[in-house]
Amino acid sequence: EEITSIVRAEIELRFGDRARVLYYDTSRPEIAAAHEPMVSLIQEQGLVYPVTVVDGQPLYDGAVSYPAILRAVQTRLESTN
């Protein structure tokens with residue numbers, strides 16, 4: 001969750017309210033159940049947690065650097081303008 005805080009702060013600094021960071025601990029059954037479609041997709045694709053999802057699409061699995069996440073968010077925001 002520490003990396004989530006770092007990414008969240010940087011996202012807010014760079015993109016303001018155009019992007020947000022949410023963290024879901026799907027090892028908790030109630031969280032996994034609440035996000036069942038994404039959890040199922042992650043399992044079907046054989047991805048390794050943690051999984052970074054941008055705009056509903058799993059992009060990275062396993063350890064990932066926060067600069068890669070920032071670039072992915074920036075690319076997504078630019079493609080929607």
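What you are looking at is a predicted structure, and each value in this text was computed from that prediction instead of being measured.
- Not counting sequence neighbours, Thr80 has no partner by the side chain to side chain donor-acceptor pair (under 3.5 Å) test.
- Arg71 CZ to Glu78 CD: the interatomic distance, rounded to the nearest 0.5 Å, is 12.5 Å.
- Linking ILVMFWY residues whenever their side-chain heavy atoms come closer than 4.5 Å, directly or via other members, leaves Tyr49 and Val21 in distinct clusters.
- Both Ile11 and Leu59 are part of a single hydrophobic cluster, where members link through side-chain heavy atoms under 4.5 Å apart.
- Closest approach of Leu77 to Arg18, counting heavy atoms only: CD2-O, 3.5 Å.
- The two atoms that bring Ile31 and Tyr24 nearest to each other are CG2-CB, 3.8 Å, heavy atoms only.
- The backbone N or O of Pro37 lies less than 3.5 Å from no partner atom in the side chain of Ser40, so there is not a single donor-acceptor pair.
- Listed here is the closest heavy atom pair of Gly56 and Met38: O-CE, 3.4 Å.
- When every heavy atom of Arg8 is checked against every heavy atom of Tyr23, the shortest pair comes out as NH2-N, 4.2 Å.
- Under a hydrophobic clustering in which Ile, Leu, Val, Met, Phe, Trp and Tyr are joined whenever their side-chain heavy atoms come within less than 4.5 Å, directly or via other members, Leu47 and Tyr60 fall into different clusters.
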Using the side chain to side chain contact (heavy atoms under 4.5 Å, CB included) rule, take Glu10 and Val7 through it: C-alpha gap first, then chi angles, then the decisive distance, then the call. CA-CA 5 Å; Glu10 194 65 28; Val7 172; 5.8 Å; no
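- Crowding of Tyr66 atom OH: a count of heavy atoms from other residues, nucleotides or ligands under 6.0 Å not exceeding 12.
- A pairwise comparison of heavy atoms in Val48 and Val51 identifies O-CG2, 3.6 Å as the closest pair.
- When all heavy atoms of Val39 and Ala32 are compared, the closest pair comes out as CG2-O, 3.9 Å.
- Taken together through direct or relayed side-chain contacts under 4.5 Å among Ile, Leu, Val, Met, Phe, Trp and Tyr, Val53 and Ile6 form parts of separate hydrophobic clusters.
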